[in-house]
J.: 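Take this structure first; my questions come after.
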Amino acid sequence: MAWRTPLSLTNFCQKTLPLLDHHVKEDRIMEAVATIIETDQWNSFNRFHDTTKTLVRYYQEAGVDVEVASLPTGGEMGSGRWIIHQAADINKATVDIINPVGQRLLDYQDNPWHLIQWSGSTPAAGIESKIVIIDSRKELDRISAKGLVGKMVLTDLNPRHHLQKLIDTGAVGVITDRPIPNLSDAIGWTKFGWGGIPIGVTGNQQDFVGLVISKTQGAELRQLLKKHGKVVVRTQVDIDRYHGSHDVVSGIIRGADDPQDELWVLAHSAEPGAHDNASGVALCVEIARIMAELIAQKLLPRPKRSIRLLSAYECYGFFKYLEDTRYLQTPLAGVVVDTIGSKSEVCDGRLEWHATIPMSAGFVDRVGEAIIHATLNLSSPGYQLYLEPFVSTSDTLIGDPKYGFPAPWLTTHHQDQNIGFDAYHSSADTINLIDPKGLVTCVTAIAGYLYYLADAGSQEVIELATAETDRTISQLRKSPQRLKAKVDYICHGHRETINRLKRWMWGGDRKEILVHLDNCQHQVQEAASSIMSRPVTFRKARTQKGEINNQVYPHRTAVLSPDWGNNTNSEIRLKMEKSRLKPWALFWADSNRSLEEIADALSVEYGKKVTLRQVTNFFEAHQELGYVKLIKAKDRISKSQLVTNLHQLGLESGMNLMVHSSLSQIGYPIGGANMVVEALLEVIGDQGTLMMPSFNHRSAEIFNPMTTPTINGAIPEAMWRRMEAVRSLHPTHAVTAIGPKAAEYCEGHLEIGIWAEDSPIGRLIHGGGYILSLGVTHESSTAYHVAEVSMPCGCIDPFGNIDRVVTSDGTVAEVKGLAFRAGVCPVSPAELDTALNNLGLQRLGKVGKADAALVKASDLWEIRRQHLKDACPNCTIQPSIRK
Ligand SMILES: [Zn+2]
Ligand SMILES: [Zn+2]
């Protein structure tokens, strides 16, 4: 069975999609496209800020929220190295032929495409220089260093690929007449670097200037040179380069129930083309308008979650923004919109929907596909839907699940498979390439995709999981190569989808939904094992022994994948390029896959053998840049070692245990955080109950017990997500428990109060439970707050603030939650460890690499009470009550 469109999606396409379509206005979008290019076409940072003003105005007029994040140029590389080194405002660029004739060759003011991006400046009076033609790399290589001092090079090469060599000749600059397919009068958009001026081309070397003319102009200039043997030009370029900023603009349709949970649209701005990409930015604006209208007219309910429409300087904006902005969790899903709505003759009717990055949750591809199909049935501007594989536009790298979200790409960029439209990145990319009806189709489809996903809940989760499972099973059965690596790869994709879908759970019975999702996984596992004929991998004994250690497990240490095309030194770049792996291969570095296993996964993905040497080169280069750590097999910690350590510390079967932990202190457990939970469960056995905090400390504006993550670390995060885990209902301080007493402990948390004697932790303390600190001190032990409340202290009011939670029927309810003390407690909890150790009340030892301590919870409670005895009665600290 292939993918069957879920009922909720069919209904959506019948009822909501036509409503969205009906409200899109052709004239309004076309006007937006024209206004955006009016400023973006200058390719100048001061004008990019004008585009920001336009977008802010549009979003305000639409009645949606708008945010502008200003990102600095230069400065720290950051983990993404997605940095633009300098801002550049362009004042002037002209080239005049002064000998043998007097004639203006080009003027940036007449056509901004004449200037190469990141060009240097000339002195105000300009530079006079003779033209020299160099049309091949061979000719260029023959020129000695400083062999062209004072000359201007004319070339049909793309200077970007030969920049250093051109600079080394000592020439004043370069004029390129590189051809644009079928458009001899078009001027190609040319850059010395992309987002940043390439490393190595800095300082005064930047004053190498760069200009562009059309093929036709080039032919005339070459003719003139041929006829007279000499042409002299005067070049005047005036660019202000400085440490400035560029903007990330968000139009936000706020969600009704959980505005903090977001869907993202990435539509880059700051490029001169109408099609690429004023069209995409205009789409964002139009989506804000139609949704705001429909919501205001009560024709459409406000979606549960927020939709964020982002425009920025491509990945240099989006990735830096993602890196700088602290989110409680990554956006749910999104879409990249780049170069859309072209006339069908421009793109040969190809409306392309490119899959999200291979290892991310691919169900969004199918959701989009269904909605685009339905949109094309409403009205077709002559498009046909083409489902295409993932392509990295760099922006689409945001799909890496480690830091981003699944994000397919909608485009009319290609006129044939992998062949961009003729006018691409040239001055011929003007508004007349765009069909207003084509743009309407794109707006409707993307608005539908976003709305459906922003509003989906538990029912949609179940339907989508079923559809994806059927699809995966049929994919497995159809797979011609029933190789283990291939089967694993397909199963991985399914797992990623199922796990991602959990983010959409909203209302209903948590256990019931999780059981359904678990069944989906089992069905896929069964199908996988039934078809597996040969447990063969891609290679046999082809390892260069002694040379490469395949027992190495890369572990990711930074979010994002680096911009190694522009912002890394040439040695590392070379190493990366030599590996011939794609940047998103970094994803597989989850500290549980060996280099060898990664080579297998990549072999499946690329459909050809990827060697251990390639993978090793790739990850070593990333280690040098600080993106991964290569962990040796001997440094990994097994479950049996953890179990032994826990026994040595004094843990026993039947114990009820509250654990506070730090995964990084333990080291690298095989199987990660989840394995630590399993080791703990094994040690306490069936009769013991394990408890952990799963607090959000009010990072969540609305607590959804099914989806709100904890900020207590990776181990508690792995714990609460387990199917058998019970999570208490508390807006800021929910606890999780597994074991016979789990339900009893967690019950009534909200009503009883956060740290009352009868709260979950109170019950554990007074029921003879223990506290285990793994790599943390007792300053993390919540139990001491139970002691404080029992004094009683006046600084904690368990019911002093109003918070919000999602209830089991899916409504959002206001509840009374914690008002914590406004000041610092005069009796530091840091004294707890010292006191407990001095009294010999806690057992110390190592668990993995972590310092660990085991203490009876009531002892800690008692000591804290003793410490507070004199302080509490005289204390004046008050609870902090929010206005
Ligand atoms: Zn572009
Ligand atoms: Zn683009």
Side-chain angles (χ1 to χ4, degrees), residues 32-33 36-37 39-45 47-48 51 55 82 84 112-113 115-118 158 160-161 178 180-181 183 186-196 212 246-249 264-285 309-319 321 334-342 346-347 350-354 388 390-399 407-415 418-431 433-434 438-439 442-443 446 563 565-566:
V33 173
I36 291 158
I37 26 176
T39 45
D40 264 2
Q41 65 171 332
W42 298 100
N43 222 9
S44 182
F45 278 65
R47 308 307 302 270
F48 294 154
T51 306
L55 294 178
W82 294 100
I84 298 173
W113 301 77
L115 184 68
I116 292 184
Q117 193 170 23
W118 312 120
N158 185 340
R160 182 179 175 184
H161 308 310
R178 65 189 186 87
I180 300 303
L183 297 165
I187 300 162
W189 188 34
T190 313
K191 306 168 245 199
F192 279 159
W194 181 24
V212 199
H246 56 108
D247 303 321
V248 182
V249 183
W264 281 18
V265 185
L266 306 188
H268 76 78
S269 51
E271 229 178 270
H275 195 190
D276 180 13
N277 186 31
S279 64
V281 181
L283 169 140
C284 290
V285 171
L309 307 145
L310 284 146
S311 302
Y313 195 110
E314 290 197 54
C315 30
Y316 292 88
F318 300 129
F319 290 179
Y321 174 72
V335 63
V336 174
V337 180
D338 192 347
T339 313
I340 49 154
S342 49
V346 173
C347 63
R350 296 178 71 93
L351 181 63
E352 293 186 349
W353 181 241
H354 287 262
E388 297 288 324
F390 174 74
V391 167
S392 173
T393 66
S394 288
D395 285 347
T396 53
L397 283 178
I398 202 98
W409 172 35
L410 184 75
T411 188
T412 56
H413 173 87
H414 297 101
Q415 53 177 306
N418 298 324
I419 299 172
F421 63 104
D422 285 341
Y424 175 56
H425 279 181
S426 84
S427 60
D429 181 356
T430 55
I431 198 161
L433 298 190
I434 296 172
L439 262 187
C442 295
V443 170
I446 296 301
D563 166 20
N566 291 281

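Whatever order the structure lists them in is the order used to number ligands and atoms, beginning at 1.
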J.: Taking only residues two or more places apart in sequence, or in another chain, which ones meet Q415 in a side-chain contact (heavy atoms from CB on, under 4.5 Å)?
T.: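 side-chain contact (heavy atoms from CB on, under 4.5 Å) list for Q415, sorted by chain: I419, D422.
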J.: Please report the shortest heavy-atom distance between A423 and L433, naming the atom on each side.
T.: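 Result for this residue pair: CB-CD1, 3.8 Å.
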J.: Suppose we call two aromatic rings close when their centres sit under 6.0 Å apart. Are H246 and Y316 close by that rule?
T.: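 Not under 6.0 Å, so no.
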J.: Show all protein N/O/S atoms under 2.8 Å from the Zn ion (ligand 2), or state that there are none.
T.: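 Checking every protein N, O and S atom gives H268 NE2, D276 OD1, D338 OD1, D338 OD2.
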J.: Nearest heavy-atom pair of F192 and W118: which atoms, and what distance?
T.: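 Nearest pair, atom of F192 first, then W118: CD1-O, 3.5 Å.
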J.: Compare every heavy atom of P408 with every heavy atom of G334, then report the nearest pair and how far apart it is.
T.: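 Heavy atoms only, the tightest pair is O-CD, 3.3 Å.
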J.: Roughly how far, to the nearest 0.5 Å, is the OG atom of S427 from the CD1 atom of I180?
T.: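 It comes to 7.5 Å.
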